[in-house]
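Just so we're clear, the structure is a prediction, and the values are computed from it rather than from any experiment.
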Amino acid sequence: MQKIKNRNEINIEETWDLSDLFTDFKDWEENFKKLPTEEEVENVIQEKYKNRLAIRPEILFDCLKYKENLSRKLENLFVYAQLRSTEDTSDNHATEAVGKIENKMANLTAKFSFLNPEILNISNLKLWLEESPLDVYKFSLSELLRSKEHVLTEKEEEILAKLSVPLRTFDEIHSKWNNADLKFEPALDSLGEKHIVSNSRYSLNLQSKDRKLRENTFQSYYQEIAKWRNTITANYYGNMSTGSNIAKIRKFSGFLESELFDDNIPIDLYDNLIKNVKANLNILHESMRIRKKILKLDKVYPYDRYVSLYESNENSYFSWEEGRDLVLKAIQPLGNEYVEIATKGLTKERWIDRAENEGKRSGAFSWGTYDSRPYMLQTWTGTLGDVYTLAHELGHSMHSYYSNKNQPYHNAHYAIFVAEVASTLNEALLSQYILREKKGSNLAKYVLSENLENFEGTVLRQVLFANFEREAAKIVDQNEAFTPERLEELFLNMNKEWYGEEHSGFPDFIKHEWMRIPHFYSAFYVYKYATSYCASLALSEALLKDPDTTRKQIFNLLKAGGSKAPLEILLDAGIDFLTPKPVENAFLNYQKNLTIAENEL
């Protein structure tokens, strides 16, 4: 049984280069000390800005710039500390740095609690936004005007700003539990050999053709998770209850409305997505029938959903170089410039941290700041799933790259609703490339299976999670408490509805799965995976039919950052989510792939 390396044993080429931000924690500490004190910020605000913003637009402009410059410094310090923390979640130095900068951010940000209430009292603000210098802030300040009824008094905003750090600890608690506290027993395969069970190895084991290994991995994983059911239920309740109560304080109808508000997404879009997916669950039930038939199973259990439908004797392992180059070939329809920038990022500039080491955060992400290169975290194990994850995170990173290059700081931060389009588009292009260029090959058949799993994981499974969040929020919005039993029953029944009981089996431990989902601590986030998948699928198909026009639309999206409302940005790219068309189109594609799979695999 292999031993997972410690962080200091990893080759530097397999890690990211964070020197855009700071060379090390000594450099970080020196820059942290250069930050202004609360008193210094307060003095500047009192002398130059507070109660003076309505005098003339130049004063407001200067205040916004002052806040931006401070925010950039804080963001660089915060992101560096967080990135170092994800390298090894047990690193106390990094944890301490995260705590220091979070507190500093909260305290300094609280000093600007006067800003929004005072801006909203400027009677001629709309006229100011049409002229220099404030015209560059037109969208962001117009969005502030839209939020007027939800902005509190200066004192109330200051209180919430100061509470922002402790109110975010539910996510931190879950992360520490998930990445550092959980200790899993090794899983035996059918030959009695032991295999490591960890967050990074869990999905790898579930892709094994050895069903006994899959089942034992599942048992090992959820036996450990189940021990914490009371703790995690209480933690999740704290997270949801906090969000619900703040939403009500801000005069929203509930937690969901408050979370959708920033993206200007109507509640109907969220609910209609769930409704439209439920209307097509018969296709997922059909998929379970086909999976049961091809894999020769009695029932499809949760640990059977991730193994490929296509069994090949060929080695399906991808070295880092093979996977990277495959992705770079697949994204060529996006043009030479896009590919050249991505190539440099993955070869010379060390955008990605890809090695497995003890304590490393599970999962994958793309992050960075306006002043840095993009950064990606992934644990490379050589599966085709890893190749798709790389394509996905590279899409995020390229989106950040183009947004930062083409938008001012205040418009560069794009909404997550749009962000997932760029990432899943790269996945769709990867699938197209393999199915086209490797047609009839074992890899192409494997990818066909992967496509089905991706749709089921990214659309159907994420909407199941979105439905779970919707129901959980209703409980807290009605001032009712969570119990482990209530959430477990809710999650188990949704699984049965989604996957169907005719062809699927549901072991008792599946009811605990909700506990391990980190995205539940970024409330009402997961539905965006589903909408984005549907949007990117439509864009990838359009790219084949009309490459020049579609490429321009895609780059308009990539360069737009947060300069428009997300639905408007997507509409400019030809995607209208106020209609059921994107979801219907995605299910047609899913049905087509299922038919091919049953005939060819």
Side-chain angles (χ1 to χ4, degrees), residues 263 265 269-270 272-281 283-284 287 305-306 327 330-331 363-366 384-385 387-396 398-399 414-435 447-467 469 498 517 519 522 524-544 550 553-554 557-558 566-567 569-570 573-594:
D263 288 345
I265 303 295
L269 188 152
Y270 191 98
N272 285 335
L273 174 65
I274 295 172
K275 179 182 176 181
N276 290 335
V277 166
K278 283 187 174 184
N280 287 281
L281 286 178
I283 307 178
L284 178 57
S287 176
R305 296 177 196 156
Y306 306 101
V327 170
I331 60 177
F365 64 74
S366 171
L384 183 61
V387 182
Y388 273 88
T389 297
L390 174 60
H392 181 100
E393 300 306 335
L394 180 63
H396 283 311
M398 293 300 293
H399 192 178
Y414 47 79
I416 300 297
F417 191 89
V418 175
E420 295 301 337
V421 177
S423 55
T424 50
L425 174 59
N426 274 8
E427 292 188 67
L429 292 176
L430 178 59
S431 293
Q432 282 183 356
Y433 177 82
I434 294 172
L435 292 173
V447 165
L448 177 61
S449 170
E450 191 79 7
N451 269 357
L452 293 173
E453 185 194 320
N454 282 345
F455 183 83
E456 290 166 6
T458 309
V459 177
L460 293 161
R461 179 173 158 85
Q462 299 301 329
V463 173
L464 185 157
F465 291 162
N467 194 32
E469 283 189 280
W498 248 247
I517 310 302
H519 282 126
S522 300
F524 307 108
Y525 176 105
V526 294
Y527 85 99
K528 300 171 190 179
Y529 283 120
T531 54
S532 298
Y533 188 99
C534 295
S536 60
L537 184 61
L539 285 174
S540 67
E541 291 173 349
L543 199 55
L544 288 176
T550 307
Q553 290 176 324
I554 291 169
L557 183 152
L558 296 178
L567 288 179
I569 291 173
L570 284 178
I575 309 295
D576 186 358
F577 265 109
L578 295 180
T579 72
K581 187 176 179 181
V583 178
E584 290 173 352
N585 175 69
F587 271 102
L588 287 174
N589 184 276
Y590 176 47
Q591 181 70 74
K592 180 186 72 175
N593 284 339
L594 271 177

With rounding to the nearest 0.5 Å, note down the distance linking [atom1] in [X] to [atom2] in [Y].
| X | Y | atom1 | atom2 | answer |
| --- | --- | --- | --- | --- |
| Thr579 | Asn272 | OG1 | CG | 10.5 Å |
| Leu464 | Arg461 | CG | CZ | 8.0 Å |
| Ile575 | Leu567 | CD1 | CG | 11.5 Å |
| Leu390 | Asn426 | CG | CG | 9.0 Å |
| Ser449 | Asn454 | OG | CG | 9.5 Å |
| Leu284 | Phe587 | CG | CZ | 8.0 Å |

N/O donor-acceptor pair under 3.5 Å between [X] side chain and [Y] backbone:
| X | Y | result |
| --- | --- | --- |
| Ser536 | Tyr533 | yes |
| Glu450 | Leu384 | no |
| Thr531 | Lys528 | yes |
| Tyr270 | Ala466 | yes |

Looking only at the side chains, is there a donor atom on one of Asn276 and Asn280 sitting less than 3.5 Å from an acceptor on the other?
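No, no side-chain donor-acceptor contact under 3.5 Å.
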
Is a side-chain donor-acceptor pair under 3.5 Å present for Tyr388 with Ser431?
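Present: a donor and an acceptor within the cut-off.
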
I'd like to check the salt bridge (Lys or Arg N to Asp or Glu O under 4.0 Å) partners of Lys581; sequence neighbours left out, ordered by chain and number.
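Lys581 satisfies salt bridge (Lys or Arg N to Asp or Glu O under 4.0 Å) with no residue once adjacent residues are dropped.
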
Going by salt bridge (Lys or Arg N to Asp or Glu O under 4.0 Å), name the residues that satisfy it together with Arg305, two or more places apart in sequence or in a different chain.
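Residues passing salt bridge (Lys or Arg N to Asp or Glu O under 4.0 Å) with Arg305: none at all.
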
Residue pair Leu544, Thr550: steps toward the side chain to side chain contact (heavy atoms under 4.5 Å, CB included) verdict
CA-CA 9 Å; Leu544 288 176; Thr550 307; over 6 Å; no

Apply side-chain hydrogen bond (donor to acceptor under 3.5 Å, both in side chains) to the pair Asn593 and Asn589, showing each step before the final yes or no.
CA-CA 6 Å; Asn593 284 339; Asn589 184 276; 3.2 Å; yes

Please confirm whether Tyr414 and His399 have ring centers closer than 6.0 angstrom.
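Ring centroids of Tyr414 and His399 are less than 6.0 Å from each other.
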
Ala415 to Pro566 - nearest heavy-atom pair and separation
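Smallest interatomic distance, heavy atoms only, reads CB-CG, 3.6 Å.
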
Of all the heavy-atom pairs spanning Leu429 and Ser540, show the shortest one and how long it is.
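Minimum heavy-atom separation between Leu429 and Ser540: CD2-CB, 4.4 Å.
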
Tell me, please, which residues at least two apart from Tyr433 pass ring-ring contact (aromatic ring centres under 6.0 Å, His included).
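Testing Tyr433 for ring-ring contact (aromatic ring centres under 6.0 Å, His included), a comparison that skips the adjacent residues, returns none.
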
With sequence neighbours left out, write down each residue that passes side-chain hydrogen bond (donor to acceptor under 3.5 Å, both in side chains) with Glu420, or none if nothing qualifies.
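So Glu420 forms a side-chain hydrogen bond (donor to acceptor under 3.5 Å, both in side chains) with His392, His396, Ser423, Tyr525.
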
Set of residues satisfying side-chain hydrogen bond (donor to acceptor under 3.5 Å, both in side chains) with respect to Glu453, sequence neighbours excluded
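None.
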
With a 4.5 Å heavy-atom cut-off, do Leu543 and Gln432 have their side chains touching?
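When only atoms from C-beta onward are counted, Gln432 and Leu543 do not touch, as no gap falls below 4.5 Å.
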
Derivation and outcome, side chain to side chain contact (heavy atoms under 4.5 Å, CB included), residues Leu588 and Gln591
CA-CA 5 Å; Leu588 287 174; Gln591 181 70 74; 5.8 Å; no

Once side chain to side chain contact (heavy atoms under 4.5 Å, CB included) is applied, do any residues pair with Ala530, and if so which ones, sequence neighbours excluded?
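With sequence neighbours excluded, Ala530 shows a side chain to side chain contact (heavy atoms under 4.5 Å, CB included) to Leu273, Val459, Val463, given in chain and number order.
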
Stepwise side chain to side chain contact (heavy atoms under 4.5 Å, CB included) check, Ile331 with Leu394:
CA-CA 10 Å; Ile331 60 177; Leu394 180 63; 4.1 Å; yes

Check Phe524, Phe365, Tyr529, Tyr527 against His519 for a ring-ring contact (aromatic ring centres under 6.0 Å, His included) and give me the one that passes.
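Only one of Phe524, Phe365, Tyr529, Tyr527 forms a ring-ring contact (aromatic ring centres under 6.0 Å, His included) with His519, namely Tyr529.
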
Do you know which of Trp498, Tyr306, Tyr590 makes side chain to side chain donor-acceptor pair (under 3.5 Å) with Glu456?
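For Glu456, the side chain to side chain donor-acceptor pair (under 3.5 Å) check succeeds only for Tyr590.
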
Start with the C-alpha distance between Val421 and Ile569, add both sets of side-chain angles, then the distance that settles side chain to side chain contact (heavy atoms under 4.5 Å, CB included), and finish with yes or no.
CA-CA 11 Å; Val421 177; Ile569 291 173; over 6 Å; no

